[in-house]
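A quick write-up on the structure given underneath.
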Amino acid sequence: MHPMLNIAVKAARRAGNLIHRASDNIDHLTVTKKSQADYVSEVDRAAERTIIETLLEAYPSHAILAEESGAQGQSEYVWIIDPLDGTTNFLHGFPQYAVSIALQHNGVLSQAVIYDPTKNDLFTASRGRGAFLNDKRLRVSKRKEMIDSLIGTGFPYTRFEHMDAYMDIFKDVMQNSAGLRRPGSAALDLAYTAAGRFDGFFETGLKPWDIAAGCLLITEAGGIVSDLAGNQNYLASGHVCAGNPHIHEQLLKIIAPHLTDGLKG
Ligand code: IPD
Ligand code: CA
Ligand code: CA
């Protein structure tokens, strides 16, 4: 395992264990509302501190971009961290959430870890070396037809500027697939796409820390990730379409007629 991935795994497991211990006691957590339907708990913050400490202890000169504490440092190496993806699920005792850590080197995603503490599932990827779930090599699904496919998504829930276009896409995907799921953690949705559990995925308005690790997992598992217009601007725009190559292409075709200017980027 690449030494930087190894450190990221250590950080993700530490944070995951902390989150798992805290899940026994969710009724007593201090929770703050960041904006409408956007909550943060002391667990998100403690997990993020543990991750940053572990990474910077090994690589003091690296930079950080983390959901709760923002950006720190300047380096060709940037760690992109979501300490707890799926906070709403976590706060409701709904067991679908994960730690997500990615490393960007000179702007290119190079290492990725997504750790699901309730299932002890560790998803990892290194650029050029494939994607894994625990010790098993991951491949995206082989399904060829949209109508046979299971598609993951996330609903808009804090900002609603793309709501109408999203609902139009949602209707079309609903009528042209075998099923749609909204599990509540974009990081795990992408990891599941890498693992072939989902054949495709789309969501709008995501942040770099929601998707950085998951996107590398998918490309290393032989899948395709793009923005909703089929371009590579997804980390910046937060609009994501992903899947195995067949389903990614068919999803883009379904999405195309509904693209507003705001969703093209
Ligand atoms: C959220 C989850 C969710 C997605 C949201 C994200 P958080 O992350 O990934 O699935 O739909 O857009 O913000 O806030 O739980 O870290
Ligand atoms: Ca997130
Ligand atoms: Ca989070």
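Predicted model only: the values in this text are computed from it and were never measured.
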Inset, instruction - Report yes or no: do Asp227 and Ser237 form a side-chain donor-acceptor pair below 3.5 Å? - result: no
Legend entry - Working for side chain to side chain contact (heavy atoms under 4.5 Å, CB included), residues Asn244 and Lys142: CA-CA 7 Å; Asn244 81 35; Lys142 293 194 169 60; 5.9 Å; no
Legend entry - Side-chain touch Glu67/Thr87, heavy atoms, less than 4.5 angstrom: no
Inset, instruction - Flag the pair Ile224 / Glu249 as yes when at least one side-chain heavy-atom distance between them is below 4.5 Å, and no otherwise. - result: no
Legend entry - Joint cluster assignment, Trp209 & Met4, ILVMFWY side-chain distance < 4.5 Å: no
Legend entry - Ring center gap for Tyr192 and Phe201 short of 6.0 angstrom: no
Legend entry - Val173 side chain near Thr153 side chain, heavy-atom distance below 4.5 Å: no
Legend entry - Joint hydrophobic cluster, Leu228 plus Leu206, side-chain heavy atoms closer than 4.5 Å: no
Legend entry - Spacing of CG belonging to Asp148 relative to NE2 belonging to His246, to within rounding of 0.5 Å: 12.0 Å
Inset, instruction - Check whether any side-chain heavy atom of Met146 lies under 4.5 Å from a side-chain heavy atom of Ile151, and answer yes or no. - result: yes
Inset, instruction - Examine the side chains of Arg14 and Thr54 and answer whether a donor and an acceptor come within less than 3.5 Å of each other. - result: yes
Inset, instruction - Give the C-alpha distance, both sets of side-chain angles, the deciding distance and a yes or no for side chain to side chain contact (heavy atoms under 4.5 Å, CB included) between Glu203 and Val240. - result: CA-CA 5 Å; Glu203 186 166 348; Val240 179; 5.5 Å; no
Inset, instruction - Could you walk me through whether Ser226 and Leu252 pass side chain to side chain contact (heavy atoms under 4.5 Å, CB included), step by step? - result: CA-CA 9 Å; Ser226 69; Leu252 283 183; 3.9 Å; yes
Legend entry - Euclidean distance, Leu91 CG relative to Asp44 CG, rounded to 0.5 Å: 7.0 Å
Legend entry - Reported CH2-to-CD distance for the pair Trp79 and Gln111, which is rounded to 0.5 angstrom: 6.5 Å
Inset, instruction - Drop me the distance from Leu84's CG to Glu48's CD, to the nearest 0.5 angstrom. - result: 10.5 Å
Legend entry - Of Thr50, Leu103, Ile7, the residue whose pairing with Leu55 passes side-chain contact (heavy atoms from CB on, under 4.5 Å): Ile7
Inset, instruction - May I ask you to test the Gln250-Asn176 pair for a side-chain heavy-atom distance under 4.5 Å? - result: no
Inset, instruction - Flag the pair Asp210 and Lys207 as a salt bridge only when some basic side-chain nitrogen lies within less than 4.0 angstrom of an acidic carboxylate oxygen. - result: no
Legend entry - Tyr115 versus Asn120, side-chain donor and acceptor atoms under 3.5 Å: yes
Inset, instruction - Check whether more than 12 heavy atoms from other residues, nucleotides or ligands sit under 6.0 Å from atom CG of Asp135, and answer yes or no. - result: no
Legend entry - Over 12 foreign heavy atoms within 6.0 Å of CG, Asn6: yes
Inset, instruction - Give the minimum heavy-atom separation between Pro156 and Met163, together with the two atoms involved. - result: CG-SD, 4.3 Å
Legend entry - Rounded distance [0.5 Å steps], CG in Leu216 versus CZ in Phe123: 14.0 Å
Inset, instruction - Indicate, with yes or no, if Tyr97 and Ile81 share a hydrophobic cluster defined by side-chain heavy-atom contacts under 4.5 Å among Ile, Leu, Val, Met, Phe, Trp and Tyr. - result: yes
Legend entry - Glu76 atom CD, neighbour heavy-atom count above 12 within 6.0 Å: yes
Legend entry - In one Ile/Leu/Val/Met/Phe/Trp/Tyr side-chain cluster, 4.5 Å: Val9, Ile114: no
Inset, instruction - To the nearest 0.5 Å, tell me how far Ile218 CD1 sits from Glu220 CD. - result: 11.5 Å
Legend entry - Sidechain-backbone polar pair: Ser185 side chain, Leu188 backbone, donor-acceptor under 3.5 Å: yes
Legend entry - Side chain to side chain, Val113 and Val99, heavy atoms closer than 4.5 Å: no
Inset, instruction - Measure up the His62 and Tyr77 rings against each other and bin them: parallel (under 30°), tilted (30 to 60°), perpendicular (over 60°). - result: parallel
Legend entry - Over 12 non-hydrogen atoms of neighbours within 6.0 angstrom of NZ in Lys119: yes
